[in-house]
Engineer: 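What follows is a structure written as C-alpha cells; I'll ask about it next.
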Amino acid sequence: MTENPFTSASFNQFLGAHKLMATRCANCAQTFLPPRAICPHCYGDQMEWVETSGKGKLAAFTLIYVGPTFMSAEGFDRNNPYATGIVELDEGVKISARLIGVDAKNPASIQIGAPMRVAFVDRGEGAARQTFLAFAPEK
Ligand SMILES: [Zn+2]
C-alpha cells in the first residue's frame, strides 16, 4: 500500500473500501490517526499504512441538535439529535466520528468507556458515493 500517499484523500479512499487505516512510523512505531506523512515525535518520514482493529472504547461524546444540511435532510433536528464522539482505539489513537446505534434522545444511556466498533456510513450512489466514519456500540 506504499503507493498511497499519506493524505486525507488516501484515508477517504480506504474509508470507501470500509477500512479504517492509520499511519505508523517505521522509525519509532507511533501510530497516527488521522494519518500523518511526517512523524511529529521523531520527524521521520518512513510512514506505512496499517489497518486498525476498528475496536476501541468511547472516550467522550456530544449531542448535535443543529447539524449540517445533509444531516437535517436525514431527519435530524432539535427534536431528534444525533451523537458524535471520540473513540480511543485499541491501538491507542483517538478519532472523532458520528455515533450510531446509540439513543441520542436518552444520553444517560450512552456510557463513557463502552466498547465500540467502527461502522461505515455510505451516502449517495455510484461515483457520488461518499463513505463517512462512524462507531457503534460493540454488541
Ligand atoms: Zn517516529
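Both backbone and side-chain heavy atoms feed into the values below; hydrogens, waters and symmetry mates do not. Order of listing sets the numbers, starting from 1, for every ligand and every atom in it.
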Engineer: At the Zn ion (ligand 1), what angle lies between atom SG of C42 and atom SG of C39, rounded to 10 degrees?
Structural biologist: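 The two atoms form an angle at the metal of about 110°.
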Engineer: Kindly report the SG-the Zn ion (ligand 1)-SG angle for C25 and C28 respectively, rounded to 10°.
Structural biologist: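 The two atoms form an angle at the metal of about 110°.
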Engineer: Answer yes or no for H41: is there an N/O/S atom below the 2.8 Å cut-off from the Zn ion (ligand 1)?
Structural biologist: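 It does not; every qualifying atom lies at 2.8 Å or beyond.
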Engineer: Check for me, please, whether V93 and M116 land in the same ILVMFWY cluster - side-chain distances under 4.5 Å, paths through other members count.
Structural biologist: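 Hydrophobic grouping puts V93 with M116.
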Engineer: Show, in sequence, the C-alpha distance, side-chain angles and deciding distance for E74 and R98, and conclude whether the salt bridge (charged side-chain N to carboxylate O under 4.0 Å, His left out) test is met.
Structural biologist: CA-CA 14 Å; E74 288 187 16; R98 183 174 162 199; 3.8 Å; yes
Engineer: When the ring centroid of F120 is compared with that of F14, is the distance short of 6.0 Å?
Structural biologist: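 F120 vs F14: aromatic centres not under 6.0 Å.
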Engineer: Is the Lys NZ or Arg CZ of R123 less than 6.0 Å from the centre of F132's six-membered ring, within 45° of the axis?
Structural biologist: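 Satisfied, under 6.0 Å and within 45°.
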